[in-house]
J.: 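After the structure tokens below, expect a handful of questions from me.
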Number of protein chains: 2
Amino acid sequence: MYTYKMMVQYDGGRYSGWQRQGNTGNTIQSKLERVLSDILEEEIEISGSGRTDAGVHALGQIASFQSKSYFDCPKMVAEANKRLPEDIAVRGIGLESPKFHARFSAKEKTYQYVINQSVIPDVFRRKYEYHYPGSLNVGAMRSCALHLLGTHDFKGFSTGRTNKSTVRTMKSIDIRQEGTKLYLTFTGDGFLYNMVRILTGTLIEVGEGKRRGDSVEEVFRTLDRSQAGFTAPAQGLCLMSVTY
Amino acid sequence: MYTYKMMVQYDGGRYSGWQRQGNTGNTIQSKLERVLSDILEEEIEISGSGRTDAGVHALGQIASFQSKSYFDCPKMVAEANKRLPEDIAVRGIGLESPKFHARFSAKEKTYQYVINQSVIPDVFRRKYEYHYPGSLNVGAMRSCALHLLGTHDFKGFSTGRTNKSTVRTMKSIDIRQEGTKLYLTFTGDGFLYNMVRILTGTLIEVGEGKRRGDSVEEVFRTLDRSQAGFTAPAQGLCLMSVTY
């Protein structure tokens with residue numbers, strides 16, 4: 001068996017997220033599996049580094065898969081891109097050690113959330129940012145972000161139900177203003193379902209002055225979703241990179 | 001009568017171009033006229049600085065219109081954006097002297113054409129650039145551009161039939177490379193139907209080495225469309241600004 005690692009870019013707007021959902025869902029994973037199965041002439045199953053929600057984009061999603069066949073990697077990239085819809089592109093494929101697994105081997109992920117505060121929305125970027133024309137206190141948001149750093153139980157900042165651990169380590173949160181755009185960049189060892197969007201919604205409420213920065217400590221204590229902020233819309237979010 | 005000047009941004013992808021076509025066409029002009037007529041409660045007819053083709057975008061299209069009513073300009077911007085589809089945005093409206101006309105008063109227009117030479121297309125910019133993964137000799141393209149500057153009869157670089165003058169003055173052509181992207185910026189006193197796209201196609205053929213840079217002199221001499229290059233696809237083109 002050969003183990004392949006693949007980097008994928010996609011515009012999530014048209015899809016019900018990353019993960020395959022039986023035979024019905026229009027998902028990124030199922031599109032990629034169909035194309036790779038076609039090229040390698042066997043049933044291919046791929047594992048993503050994580051599941052992105054419906055409408056969320058990726059610049060550097062990583063996936064792995066195994067195949068009985070050796071196939072020239074640059075040729076597989078070209079063949080895949082010929083067959084994929086124009087909103088999904090394979091950026092690269094390489095051979096990996098048999099132990100490599102896109103999800104289990106991942107050490108760190110970086111997500112970016114883009115907010116556009118201009119009064120008038122940007123027609124060219126509207127599908128890749130959240131148009132929020134209010135003013136935000138960026139200093140207060142940065143202070144709040146400091147409370148989110150480190151290892152915590154992020155259950156209250158998530159909507160999925162799970163029996164697994166909801167403890168994650170947030171390594172950095174960078175909040176950068178460029179003109180009317182606000183870029184929130186989160187790096188951590190893993191993220192729960194909807195976690196970046198709820199953290200962003202919470203930071204926005206802090207920036208609006210509707211919530212104190214240290215109110216997130218209460219969410220960590222109670223693990224209660226209703227204590228956290230709103231879920232910011234999917235289209236502003238992009239999975240930037242995964243580190244192994 | 002009050003004369004208004006308006007700046008409009010649009011993603012031309014879904015539209016059959018700027019110009020109203022009876023009652024049938026899905027055009028930018030007709031969308032704007034419907035919205036403004038609704039706000040001002042009278043039949044509004046607008047004039048654009050020029051017609052952009054189907055699929056061409058605008059960052060700073062200028063239009064003018066007259067109305068019997070005085071209406072607060074920032075309020076009209078807000079009302080218009082509430083009613084417009086998300087791929088058209090009014091950036092600003094101001095009062096002008098009664099002599100102002102978006103087309104007749106225009107002194108200079110700037111168009112930009114974006115070519116992406118990367119092997120793999122950019123899924124986020126795919127609707128706003130031409131994916132051309134070949135290599136291009138930018139130096140040869142710049143030399144060719146020098147022949148295009150100045151006042152010439154550009155009939156051979158156009159596809160429309162007209163009895164009016166096809167003489168135009170090209171003031172500058174800037175060709176800038178940034179990573180895999182090539183930005184071609186054209187400034188002139190006016191542009192004929194398809195002119196920027198045919199000039200771009202011709203410059204690409206020069207960059208490919210398929211055509212000599214001075215072959216454009218032959219197009220000026222013969223005024224023959226078949227002597228010029230191919231028509232580059234609409235989605236790479238954007239009307240950047242209009243000067244008065």
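In what follows, every chain begins at residue 1, and chains take the letters A, B, ... in the order their sequences are listed.
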J.: Where along residues 6-19 of chain A does a heavy atom come under 4.5 Å of chain B, listed by residue number?
T.: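 When heavy atoms of chain B are the reference, residues 6-19 of chain A contributes Gln9(A), Tyr10(A), Asp11(A) within the under-4.5 Å range.
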J.: Within residues 54-63 of chain B, which positions have a heavy-atom distance to chain A below 4.5 Å?
T.: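 Against chain A, the residues of residues 54-63 of chain B that fall inside the cut-off (heavy atoms, under 4.5 Å) are His57(B), Ala58(B), Leu59(B).
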J.: Checking Asp87(A) against chain B: side chain, backbone, both or neither under 4.5 Å from a heavy atom?
T.: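 Backbone plus side chain of Asp87(A), per the 4.5 Å heavy-atom cut-off to chain B.
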J.: So for atom CD, which belongs to Glu41(A), do other residues, nucleotides or ligands contribute more than 12 heavy atoms lying within a distance under 6.0 Å?
T.: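 Atom CD in Glu41(A) is not crowded, with 12 or fewer foreign heavy atoms closer than 6.0 Å.
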J.: Take a 6.0 Å sphere around OH of Tyr2(A) and say whether it holds more than 12 heavy atoms from other residues, nucleotides or ligands.
T.: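 No, the 6.0 Å shell around OH holds no more than 12 heavy atoms from other groups.
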J.: Listing request: all salt bridge (Lys or Arg N to Asp or Glu O under 4.0 Å) pairs with a residue in residues 46-64 of chain B, at least two apart in sequence or in separate chains.
T.: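 Of all non-adjacent pairs touching residues 46-64 of chain B, those that pass salt bridge (Lys or Arg N to Asp or Glu O under 4.0 Å) are Asp53(B)-Arg197(B).
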J.: So with a 6.0 Å cut-off around CD of Gln177(B), is the heavy-atom count from everything else above 12?
T.: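 Buried by this count: over 12 neighbours within 6.0 Å.
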J.: Hey, which residues of residues 100-128 of chain A are touching chain B, say heavy atoms under 4.5 Å apart?
T.: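 So the qualifying residues are Ile120(A), Pro121(A), Asp122(A), Val123(A), Phe124(A), Arg125(A), Arg126(A), Lys127(A), Tyr128(A).
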